[in-house]
Amino acid sequence: MAADTGGVRGIEARLRALVPDLPAGARLPSTRVLVAEHAASPLTVQRAVQRLADEGLVETRPGTGTFVAPRFERRRAEHSWQTTALGPARTDAAAVGTAMAATPPGAVALHAGYPVAELLPGRLVRSALARAARSPLGLDRAPVAGVADLRAWFAADTAPPGSRAPAHPDDVVVMPGGQSALSSTFRALAAPGDAIVVESPTYWGAMAAARQAGLRIVPVTRGARAPRAQDLDDVLAASGARLFYAQPHFANPTGALWTAAERAELLDVVRARGAFLVEDDWAHDFGIDADVVPLFGEDPDGHVVTVRSLTKSVAPSVRVGAALARGPALARLQADRTVDDLYVSGLLQVAALGVLSDPGWRTHLRWLRGALRSRRDELARQVVAHLGAEALPHLPRGGLNLWLRLPDRTDVAGLVRRSREAGVLVAPGDDWFPAEPPAPHLRLNYTGAAPERFAEALGVLASLLRPAGLRG
Ligand SMILES: Cc1ncc(COP(=O)(O)O)c(C=O)c1O
(Lines give C-alpha, C1' and ligand atoms only; values in the text may rest on other atoms or scores of the structure.)
Protein backbone atom coordinates (compact mmCIF):
# COMPACT_ATOMS: atom_id res chain seq x y z
CA MET A 1 0.00 0.00 0.00
CA ALA A 2 1.39 3.42 -1.03
CA ALA A 3 2.44 5.53 1.96
CA ASP A 4 0.20 8.53 1.11
CA THR A 5 -3.02 6.48 1.27
CA GLY A 6 -2.48 6.05 5.01
CA GLY A 7 -2.95 9.74 5.86
CA VAL A 8 -6.17 11.66 6.52
CA ARG A 9 -6.36 12.68 2.83
CA GLY A 10 -6.01 9.12 1.55
CA ILE A 11 -8.75 7.77 3.81
CA GLU A 12 -10.98 10.74 3.05
CA ALA A 13 -10.54 10.15 -0.71
CA ARG A 14 -11.41 6.48 -0.34
CA LEU A 15 -14.65 7.26 1.55
CA ARG A 16 -15.54 10.13 -0.80
CA ALA A 17 -15.30 7.73 -3.74
CA LEU A 18 -17.56 5.18 -2.01
CA VAL A 19 -20.37 7.53 -0.94
CA PRO A 20 -21.91 8.45 -4.35
CA ASP A 21 -22.55 4.80 -5.22
CA LEU A 22 -24.27 3.89 -1.97
CA PRO A 23 -27.86 4.59 -0.90
CA ALA A 24 -28.62 6.80 2.10
CA GLY A 25 -28.18 4.91 5.34
CA ALA A 26 -25.66 2.42 3.87
CA ARG A 27 -22.90 1.45 6.27
CA LEU A 28 -19.35 2.51 5.40
CA PRO A 29 -16.24 0.47 6.31
CA SER A 30 -15.68 0.48 10.06
CA THR A 31 -12.80 2.24 11.79
CA ARG A 32 -11.20 -1.12 12.45
CA VAL A 33 -11.27 -2.04 8.73
CA LEU A 34 -9.94 1.37 7.65
CA VAL A 35 -7.15 1.20 10.26
CA ALA A 36 -6.09 -2.15 8.88
CA GLU A 37 -6.43 -1.25 5.18
CA HIS A 38 -4.61 2.07 5.41
CA ALA A 39 -2.12 1.19 8.13
CA ALA A 40 -3.33 4.30 9.92
CA SER A 41 -4.11 5.13 13.55
CA PRO A 42 -7.77 5.24 14.71
CA LEU A 43 -7.34 9.01 15.28
CA THR A 44 -6.36 9.54 11.62
CA VAL A 45 -9.41 7.56 10.50
CA GLN A 46 -11.68 9.63 12.78
CA ARG A 47 -10.32 12.86 11.36
CA ALA A 48 -11.02 11.72 7.79
CA VAL A 49 -14.56 10.65 8.71
CA GLN A 50 -15.15 13.95 10.50
CA ARG A 51 -14.30 15.91 7.36
CA LEU A 52 -17.05 14.15 5.42
CA ALA A 53 -19.44 14.49 8.37
CA ASP A 54 -18.77 18.26 8.42
CA GLU A 55 -19.87 18.44 4.79
CA GLY A 56 -23.03 16.49 5.61
CA LEU A 57 -22.02 13.55 3.41
CA VAL A 58 -21.89 10.94 6.19
CA GLU A 59 -23.36 10.43 9.65
CA THR A 60 -21.47 8.90 12.54
CA ARG A 61 -23.42 6.96 15.14
CA PRO A 62 -21.16 6.36 18.14
CA GLY A 63 -20.78 2.68 18.94
CA THR A 64 -22.58 1.67 15.72
CA GLY A 65 -20.59 2.95 12.74
CA THR A 66 -20.51 5.48 9.90
CA PHE A 67 -23.38 5.75 7.39
CA VAL A 68 -24.18 7.62 4.17
CA ALA A 69 -26.18 10.69 5.20
CA PRO A 70 -29.77 11.17 3.95
CA ARG A 71 -28.87 14.57 2.49
CA PHE A 72 -26.72 12.96 -0.12
CA GLU A 73 -29.67 11.08 -1.54
CA ARG A 74 -31.59 14.35 -2.03
CA ARG A 75 -28.74 15.74 -4.12
CA ARG A 76 -29.16 12.89 -6.56
CA ALA A 77 -32.95 13.17 -6.67
CA GLU A 78 -34.75 13.17 -10.03
CA HIS A 79 -36.88 16.26 -10.52
CA SER A 80 -37.19 16.33 -14.31
CA TRP A 81 -40.78 14.98 -14.21
CA GLN A 82 -41.82 18.34 -12.70
CA THR A 83 -41.10 20.12 -16.00
CA THR A 84 -44.02 18.32 -17.63
CA ALA A 85 -46.24 18.50 -14.57
CA LEU A 86 -45.78 22.25 -14.02
CA GLY A 87 -46.02 23.50 -17.62
CA PRO A 88 -45.19 27.14 -18.43
CA ALA A 89 -44.27 29.39 -15.48
CA ARG A 90 -46.40 32.43 -14.65
CA THR A 91 -43.72 33.65 -12.21
CA ASP A 92 -40.16 32.39 -12.20
CA ALA A 93 -36.82 33.62 -10.90
CA ALA A 94 -36.44 35.88 -13.96
CA ALA A 95 -39.42 37.93 -12.71
CA VAL A 96 -37.41 39.14 -9.70
CA GLY A 97 -35.53 42.38 -10.37
CA THR A 98 -31.77 42.83 -9.96
CA ALA A 99 -32.56 45.21 -7.09
CA MET A 100 -33.24 42.20 -4.84
CA ALA A 101 -29.78 40.61 -5.39
CA ALA A 102 -27.67 40.14 -2.26
CA THR A 103 -24.59 42.35 -1.89
CA PRO A 104 -21.27 40.46 -1.62
CA PRO A 105 -19.02 41.72 1.20
CA GLY A 106 -17.11 44.86 0.22
CA ALA A 107 -19.14 45.57 -2.96
CA VAL A 108 -20.70 48.99 -3.65
CA ALA A 109 -24.49 48.48 -3.66
CA LEU A 110 -25.91 50.98 -6.14
CA HIS A 111 -28.51 48.39 -7.21
CA ALA A 112 -30.26 48.27 -3.85
CA GLY A 113 -33.94 48.88 -3.25
CA TYR A 114 -33.80 49.54 0.50
CA PRO A 115 -31.89 52.27 2.37
CA VAL A 116 -28.95 51.37 4.60
CA ALA A 117 -29.40 51.31 8.40
CA GLU A 118 -27.88 54.76 8.95
CA LEU A 119 -30.81 56.31 7.04
CA LEU A 120 -33.41 54.56 9.22
CA PRO A 121 -34.76 55.70 12.61
CA GLY A 122 -32.96 52.75 14.20
CA ARG A 123 -33.26 53.82 17.84
CA LEU A 124 -36.99 54.50 17.50
CA VAL A 125 -37.59 51.18 15.75
CA ARG A 126 -35.71 49.09 18.30
CA SER A 127 -37.45 50.63 21.28
CA ALA A 128 -40.87 50.44 19.55
CA LEU A 129 -40.27 46.74 18.83
CA ALA A 130 -39.39 46.11 22.47
CA ARG A 131 -42.53 47.94 23.66
CA ALA A 132 -44.67 46.12 21.09
CA ALA A 133 -43.41 42.77 22.36
CA ARG A 134 -44.81 43.65 25.79
CA SER A 135 -48.19 44.83 24.44
CA PRO A 136 -51.22 42.47 24.15
CA LEU A 137 -50.68 42.27 20.37
CA GLY A 138 -47.18 40.99 21.07
CA LEU A 139 -49.03 37.67 21.33
CA ASP A 140 -52.63 38.05 20.14
CA ARG A 141 -54.04 37.99 16.65
CA ALA A 142 -54.67 41.40 15.07
CA PRO A 143 -57.98 42.56 13.52
CA VAL A 144 -58.26 41.55 9.84
CA ALA A 145 -58.32 45.16 8.57
CA GLY A 146 -55.46 46.17 10.84
CA VAL A 147 -54.93 47.88 14.19
CA ALA A 148 -57.46 50.75 14.49
CA ASP A 149 -54.94 53.44 15.44
CA LEU A 150 -52.61 52.46 12.62
CA ARG A 151 -55.48 52.63 10.10
CA ALA A 152 -56.31 56.08 11.46
CA TRP A 153 -52.67 57.12 11.09
CA PHE A 154 -52.50 55.97 7.44
CA ALA A 155 -55.79 57.76 6.69
CA ALA A 156 -54.64 61.06 8.21
CA ASP A 157 -51.15 60.84 6.65
CA THR A 158 -52.49 60.03 3.16
CA ALA A 159 -55.49 62.38 2.83
CA PRO A 160 -55.84 64.56 5.94
CA PRO A 161 -58.95 66.48 6.98
CA GLY A 162 -59.13 69.54 4.74
CA SER A 163 -58.41 67.51 1.58
CA ARG A 164 -61.14 67.51 -1.05
CA ALA A 165 -61.78 63.86 -0.13
CA PRO A 166 -60.25 63.15 3.30
CA ALA A 167 -59.52 59.50 4.03
CA HIS A 168 -61.50 57.77 6.78
CA PRO A 169 -59.80 55.09 8.91
CA ASP A 170 -62.34 52.61 7.48
CA ASP A 171 -60.88 53.24 3.99
CA VAL A 172 -57.61 51.61 5.09
CA VAL A 173 -56.59 47.95 4.93
CA VAL A 174 -53.24 47.27 6.60
CA MET A 175 -50.98 45.14 4.40
CA PRO A 176 -47.70 43.28 4.95
CA GLY A 177 -45.81 45.75 2.71
CA GLY A 178 -46.41 47.51 -0.58
CA GLN A 179 -45.68 44.48 -2.75
CA SER A 180 -48.48 42.44 -1.16
CA ALA A 181 -50.76 45.45 -1.44
CA LEU A 182 -50.10 45.60 -5.20
CA SER A 183 -50.66 41.85 -5.60
CA SER A 184 -53.93 42.04 -3.68
CA THR A 185 -55.14 45.08 -5.58
CA PHE A 186 -54.47 43.56 -8.99
CA ARG A 187 -56.07 40.25 -8.00
CA ALA A 188 -59.07 41.82 -6.30
CA LEU A 189 -59.90 44.45 -8.93
CA ALA A 190 -59.27 42.51 -12.14
CA ALA A 191 -59.75 38.98 -13.46
CA PRO A 192 -57.12 36.79 -15.15
CA GLY A 193 -56.88 37.74 -18.82
CA ASP A 194 -57.83 41.40 -18.18
CA ALA A 195 -55.51 44.19 -19.27
CA ILE A 196 -53.68 46.58 -16.93
CA VAL A 197 -52.08 49.79 -18.18
CA VAL A 198 -48.70 50.69 -16.70
CA GLU A 199 -46.36 53.60 -17.27
CA SER A 200 -43.21 52.70 -19.18
CA PRO A 201 -40.74 52.44 -17.51
CA THR A 202 -42.22 51.27 -14.23
CA TYR A 203 -41.50 49.22 -11.10
CA TRP A 204 -40.57 45.65 -12.06
CA GLY A 205 -42.34 44.26 -8.96
CA ALA A 206 -45.67 45.74 -10.05
CA MET A 207 -45.31 44.09 -13.45
CA ALA A 208 -44.38 40.79 -11.80
CA ALA A 209 -47.43 41.00 -9.51
CA ALA A 210 -49.70 41.81 -12.46
CA ARG A 211 -48.37 38.84 -14.43
CA GLN A 212 -48.81 36.61 -11.40
CA ALA A 213 -52.44 37.75 -11.24
CA GLY A 214 -52.80 36.65 -14.88
CA LEU A 215 -53.15 40.22 -16.19
CA ARG A 216 -52.03 41.42 -19.62
CA ILE A 217 -49.62 44.36 -19.33
CA VAL A 218 -50.25 47.29 -21.66
CA PRO A 219 -47.56 50.02 -21.54
CA VAL A 220 -48.12 53.73 -21.96
CA THR A 221 -45.02 55.87 -22.46
CA ARG A 222 -44.14 58.17 -19.60
CA GLY A 223 -42.61 61.33 -21.04
CA ALA A 224 -40.29 63.47 -18.94
CA ARG A 225 -42.86 63.28 -16.11
CA ALA A 226 -46.24 61.71 -16.82
CA PRO A 227 -47.94 59.91 -19.70
CA ARG A 228 -49.92 62.20 -22.00
CA ALA A 229 -53.63 62.18 -21.13
CA GLN A 230 -54.55 61.43 -24.74
CA ASP A 231 -52.19 58.43 -24.81
CA LEU A 232 -53.69 57.08 -21.59
CA ASP A 233 -57.19 57.51 -22.98
CA ASP A 234 -56.21 55.69 -26.18
CA VAL A 235 -54.64 52.68 -24.44
CA LEU A 236 -57.49 52.36 -21.94
CA ALA A 237 -59.97 52.40 -24.83
CA ALA A 238 -58.01 50.01 -27.05
CA SER A 239 -57.17 47.50 -24.31
CA GLY A 240 -60.41 47.65 -22.32
CA ALA A 241 -58.27 47.91 -19.17
CA ARG A 242 -59.99 49.14 -16.00
CA LEU A 243 -56.74 49.37 -14.02
CA PHE A 244 -54.00 51.95 -14.50
CA TYR A 245 -50.97 51.37 -12.23
CA ALA A 246 -48.91 54.54 -11.77
CA GLN A 247 -46.38 56.26 -9.53
CA PRO A 248 -47.23 59.97 -9.61
CA HIS A 249 -44.50 60.84 -7.07
CA PHE A 250 -40.75 60.28 -7.58
CA ALA A 251 -41.39 57.20 -9.69
CA ASN A 252 -39.13 54.20 -9.40
CA PRO A 253 -37.01 54.23 -11.57
CA THR A 254 -37.12 57.71 -13.20
CA GLY A 255 -37.77 59.86 -10.12
CA ALA A 256 -40.37 61.82 -12.11
CA LEU A 257 -43.17 63.77 -10.41
CA TRP A 258 -46.51 64.53 -12.08
CA THR A 259 -47.41 68.24 -12.19
CA ALA A 260 -50.73 69.53 -10.84
CA ALA A 261 -52.08 69.83 -14.39
CA GLU A 262 -51.01 66.29 -15.28
CA ARG A 263 -52.63 64.91 -12.12
CA ALA A 264 -55.94 66.58 -12.96
CA GLU A 265 -55.92 65.53 -16.63
CA LEU A 266 -54.99 61.92 -15.96
CA LEU A 267 -57.53 61.57 -13.17
CA ASP A 268 -60.20 62.96 -15.53
CA VAL A 269 -59.33 60.28 -18.10
CA VAL A 270 -59.51 57.55 -15.47
CA ARG A 271 -62.92 58.81 -14.30
CA ALA A 272 -64.30 59.15 -17.81
CA ARG A 273 -63.25 55.59 -18.64
CA GLY A 274 -64.77 54.16 -15.45
CA ALA A 275 -61.35 52.88 -14.43
CA PHE A 276 -59.17 52.69 -11.31
CA LEU A 277 -55.88 54.51 -10.78
CA VAL A 278 -53.68 52.33 -8.58
CA GLU A 279 -51.44 54.99 -7.06
CA ASP A 280 -48.21 53.46 -5.73
CA ASP A 281 -47.13 56.01 -3.11
CA TRP A 282 -43.99 54.09 -2.07
CA ALA A 283 -41.90 57.30 -1.94
CA HIS A 284 -44.27 59.21 0.36
CA ASP A 285 -41.50 59.94 2.87
CA PHE A 286 -38.76 60.66 0.33
CA GLY A 287 -39.51 64.16 -0.91
CA ILE A 288 -36.33 66.25 -1.28
CA ASP A 289 -37.26 69.39 -3.21
CA ALA A 290 -40.99 68.69 -3.33
CA ASP A 291 -43.66 67.09 -1.15
CA VAL A 292 -46.00 64.23 -1.90
CA VAL A 293 -49.74 64.87 -2.07
CA PRO A 294 -51.50 61.55 -2.82
CA LEU A 295 -54.30 61.63 -5.36
CA PHE A 296 -56.48 59.69 -2.92
CA GLY A 297 -57.42 63.01 -1.31
CA GLU A 298 -58.75 64.36 -4.61
CA ASP A 299 -61.11 61.54 -5.47
CA PRO A 300 -64.27 61.00 -3.39
CA ASP A 301 -65.75 58.52 -5.90
CA GLY A 302 -63.44 55.56 -5.42
CA HIS A 303 -61.41 55.74 -8.66
CA VAL A 304 -58.11 55.97 -6.78
CA VAL A 305 -56.62 53.10 -4.79
CA THR A 306 -53.49 54.24 -2.96
CA VAL A 307 -50.75 51.90 -1.78
CA ARG A 308 -48.48 52.97 1.08
CA SER A 309 -45.46 51.24 2.61
CA LEU A 310 -43.26 51.74 5.66
CA THR A 311 -40.55 49.25 4.70
CA LYS A 312 -38.17 51.80 3.21
CA SER A 313 -38.71 54.64 5.67
CA VAL A 314 -39.34 52.91 9.04
CA ALA A 315 -37.30 49.72 8.46
CA PRO A 316 -37.17 46.88 5.94
CA SER A 317 -37.81 44.50 8.86
CA VAL A 318 -41.11 46.22 9.66
CA ARG A 319 -43.03 44.84 6.70
CA VAL A 320 -46.13 46.97 7.13
CA GLY A 321 -47.99 48.94 4.49
CA ALA A 322 -51.56 49.79 3.57
CA ALA A 323 -54.03 50.10 0.73
CA LEU A 324 -56.67 52.83 0.77
CA ALA A 325 -59.81 52.38 -1.30
CA ARG A 326 -63.51 53.28 -1.29
CA GLY A 327 -66.70 51.41 -2.10
CA PRO A 328 -66.98 47.78 -3.26
CA ALA A 329 -63.30 47.88 -4.30
CA LEU A 330 -62.41 48.29 -0.62
CA ALA A 331 -64.54 45.27 0.32
CA ARG A 332 -62.90 43.16 -2.39
CA LEU A 333 -59.43 44.21 -1.33
CA GLN A 334 -60.20 43.34 2.26
CA ALA A 335 -61.56 39.92 1.30
CA ASP A 336 -58.55 39.13 -0.90
CA ARG A 337 -56.15 40.13 1.85
CA THR A 338 -57.90 38.08 4.50
CA VAL A 339 -57.97 34.97 2.28
CA ASP A 340 -54.27 35.41 1.52
CA ASP A 341 -52.82 36.17 4.96
CA LEU A 342 -55.76 36.37 7.45
CA TYR A 343 -54.12 39.35 9.17
CA VAL A 344 -50.83 41.24 9.43
CA SER A 345 -48.63 40.55 12.48
CA GLY A 346 -49.96 42.68 15.34
CA LEU A 347 -46.47 42.87 16.78
CA LEU A 348 -45.21 44.68 13.67
CA GLN A 349 -48.27 46.92 13.43
CA VAL A 350 -47.91 48.06 17.04
CA ALA A 351 -44.19 48.60 16.53
CA ALA A 352 -44.85 50.66 13.38
CA LEU A 353 -47.41 52.74 15.24
CA GLY A 354 -44.93 53.23 18.08
CA VAL A 355 -42.44 54.76 15.64
CA LEU A 356 -44.99 56.88 13.75
CA SER A 357 -46.55 58.35 16.87
CA ASP A 358 -43.21 59.25 18.45
CA PRO A 359 -42.30 62.96 18.08
CA GLY A 360 -38.89 61.70 16.95
CA TRP A 361 -40.44 60.40 13.69
CA ARG A 362 -41.07 63.90 12.31
CA THR A 363 -37.59 64.95 13.42
CA HIS A 364 -36.17 61.92 11.62
CA LEU A 365 -38.05 62.75 8.40
CA ARG A 366 -36.68 66.30 8.43
CA TRP A 367 -33.16 64.95 8.90
CA LEU A 368 -33.73 62.33 6.19
CA ARG A 369 -34.65 64.98 3.63
CA GLY A 370 -31.23 66.59 4.06
CA ALA A 371 -29.41 63.26 4.04
CA LEU A 372 -31.16 62.20 0.82
CA ARG A 373 -30.36 65.56 -0.77
CA SER A 374 -26.66 65.31 -0.06
CA ARG A 375 -26.49 61.68 -1.24
CA ARG A 376 -28.48 62.44 -4.42
CA ASP A 377 -26.31 65.46 -5.19
CA GLU A 378 -23.06 63.61 -4.57
CA LEU A 379 -24.06 60.69 -6.81
CA ALA A 380 -25.28 63.10 -9.50
CA ARG A 381 -21.95 64.97 -9.29
CA GLN A 382 -20.02 61.76 -9.79
CA VAL A 383 -22.24 60.65 -12.68
CA VAL A 384 -21.71 63.96 -14.50
CA ALA A 385 -17.97 63.99 -13.74
CA HIS A 386 -17.38 60.45 -15.00
CA LEU A 387 -20.05 59.90 -17.65
CA GLY A 388 -20.97 63.43 -18.76
CA ALA A 389 -24.09 65.54 -18.25
CA GLU A 390 -25.97 63.67 -21.01
CA ALA A 391 -25.98 60.56 -18.77
CA LEU A 392 -28.29 62.31 -16.31
CA PRO A 393 -31.00 64.16 -18.23
CA HIS A 394 -33.16 64.65 -15.13
CA LEU A 395 -32.33 65.28 -11.46
CA PRO A 396 -35.19 63.81 -9.40
CA ARG A 397 -36.85 66.03 -6.78
CA GLY A 398 -37.27 63.05 -4.47
CA GLY A 399 -37.12 59.27 -4.24
CA LEU A 400 -34.04 57.10 -3.91
CA ASN A 401 -32.71 56.70 -7.46
CA LEU A 402 -30.97 58.28 -10.42
CA TRP A 403 -32.02 57.11 -13.87
CA LEU A 404 -29.08 57.14 -16.27
CA ARG A 405 -29.29 57.30 -20.05
CA LEU A 406 -26.37 55.37 -21.52
CA PRO A 407 -24.88 55.80 -24.99
CA ASP A 408 -26.89 54.15 -27.77
CA ARG A 409 -26.09 50.48 -28.36
CA THR A 410 -24.53 50.01 -24.91
CA ASP A 411 -24.58 46.33 -23.94
CA VAL A 412 -26.39 46.93 -20.61
CA ALA A 413 -26.37 43.29 -19.48
CA GLY A 414 -22.62 43.05 -20.18
CA LEU A 415 -21.98 46.32 -18.34
CA VAL A 416 -23.93 45.16 -15.28
CA ARG A 417 -22.09 41.82 -15.24
CA ARG A 418 -18.61 43.29 -15.62
CA SER A 419 -19.35 46.01 -13.12
CA ARG A 420 -20.45 43.36 -10.62
CA GLU A 421 -17.20 41.48 -11.22
CA ALA A 422 -15.39 44.72 -10.38
CA GLY A 423 -17.34 45.04 -7.11
CA VAL A 424 -19.95 47.61 -8.18
CA LEU A 425 -23.59 46.51 -8.23
CA VAL A 426 -25.95 48.42 -10.54
CA ALA A 427 -29.41 47.64 -11.87
CA PRO A 428 -30.05 47.32 -15.62
CA GLY A 429 -32.72 49.70 -16.90
CA ASP A 430 -34.23 46.80 -18.84
CA ASP A 431 -35.78 45.45 -15.60
CA TRP A 432 -38.17 48.43 -15.58
CA PHE A 433 -39.53 48.22 -19.12
CA PRO A 434 -42.76 46.34 -19.80
CA ALA A 435 -41.71 45.79 -23.44
CA GLU A 436 -38.49 46.20 -25.43
CA PRO A 437 -36.39 48.99 -23.85
CA PRO A 438 -36.30 51.91 -26.30
CA ALA A 439 -32.82 52.94 -25.08
CA PRO A 440 -30.11 51.69 -22.71
CA HIS A 441 -30.47 52.84 -19.08
CA LEU A 442 -29.12 52.09 -15.61
CA ARG A 443 -30.78 52.74 -12.28
CA LEU A 444 -28.45 53.86 -9.52
CA ASN A 445 -29.76 53.99 -5.95
CA TYR A 446 -28.09 56.57 -3.69
CA THR A 447 -29.21 55.06 -0.37
CA GLY A 448 -27.66 51.56 -0.40
CA ALA A 449 -23.93 52.40 -0.30
CA ALA A 450 -21.64 54.84 1.53
CA PRO A 451 -21.39 58.15 -0.41
CA GLU A 452 -17.60 58.02 0.03
CA ARG A 453 -17.64 55.14 -2.47
CA PHE A 454 -19.72 56.83 -5.19
CA ALA A 455 -16.63 58.24 -6.97
CA GLU A 456 -14.89 54.86 -7.06
CA ALA A 457 -18.07 53.18 -8.37
CA LEU A 458 -18.58 55.73 -11.14
CA GLY A 459 -14.91 55.40 -12.06
CA VAL A 460 -15.50 51.68 -12.61
CA LEU A 461 -18.58 52.32 -14.75
CA ALA A 462 -16.76 54.95 -16.81
CA SER A 463 -13.83 52.63 -17.50
CA LEU A 464 -16.21 49.88 -18.63
CA LEU A 465 -18.15 52.26 -20.84
CA ARG A 466 -15.16 53.68 -22.71
CA PRO A 467 -15.36 53.24 -26.52
CA ALA A 468 -14.33 49.72 -27.48
CA GLY A 469 -15.67 48.73 -24.07
CA LEU A 470 -19.35 48.05 -24.06
CA ARG A 471 -20.63 49.99 -27.03
CA GLY A 472 -21.74 47.98 -30.04
C1 LIG B 1 -42.25 51.40 -6.60
C2 LIG B 1 -42.31 50.38 -5.51
N3 LIG B 1 -43.50 49.96 -5.06
C4 LIG B 1 -43.62 49.04 -4.10
C5 LIG B 1 -42.51 48.44 -3.56
C6 LIG B 1 -42.74 47.39 -2.52
O7 LIG B 1 -41.99 47.52 -1.40
P8 LIG B 1 -42.40 46.81 -0.01
O9 LIG B 1 -43.14 45.55 -0.34
O10 LIG B 1 -41.12 46.56 0.68
O11 LIG B 1 -43.28 47.77 0.69
C12 LIG B 1 -41.24 48.81 -4.01
C13 LIG B 1 -40.02 48.17 -3.47
O14 LIG B 1 -38.95 48.27 -4.00
C15 LIG B 1 -41.14 49.80 -5.00
O16 LIG B 1 -39.96 50.20 -5.47
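From a predicted model like this one, the values you see are computed outputs, not experimental measurements. Start at 1 and go down the list; that is how both ligands and their atoms are numbered. The basis for the numbers below is simple: all heavy atoms, side chains too, and nothing from hydrogens, waters or symmetry mates.
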Within-4.5 Å side-chain heavy-atom neighbours: Pro294 and His284: yes
Cationic N near anionic O, under 4.0 Å, Asp157 to Arg308: yes
Salt bridge flag under 4.0 Å for residues Arg373 and Asp289: yes
Side-chain H-bond candidate by donor/acceptor type, Gln382 with Tyr446, under 3.5 Å: no
Only heavy atoms of [X], strictly under 4.0 Å: list the atoms of ligand 1 that pass.
| X | result |
| --- | --- |
| Tyr114 | 7 (O), 8 (P), 10 (O) |
| Gln247 | 1 (C) |
| Gly177 | 9 (O), 11 (O) |
| Asn252 | 1 (C), 15 (C), 16 (O) |
| Lys312 | 7 (O), 12 (C), 13 (C), 14 (O), 15 (C), 16 (O) |

Arg319-ligand 1 polar pair, N/O distance under 3.5 Å: yes
Short N or O distance, Gly113 and ligand 1, threshold 3.5 Å exclusive: no
Evaluation steps, side-chain hydrogen bond (donor to acceptor under 3.5 Å, both in side chains), between Trp204 and Asn252: CA-CA 9 Å; Trp204 60 265; Asn252 173 9; over 6 Å; no
Rounded distance [0.5 Å steps], CG in Leu404 versus CD in Glu390: 10.5 Å
Centroid-centroid under 6.0 Å between Phe286 and His249 rings: no
How far is [atom] from the closest protein heavy atom, and which atom is that?
| atom | answer |
| --- | --- |
| atom 6 (C) of ligand 1 | Gln179 N, 3.5 Å |
| atom 11 (O) of ligand 1 | Ser309 OG, 2.5 Å |
| atom 3 (N) of ligand 1 | Asp280 OD2, 2.6 Å |

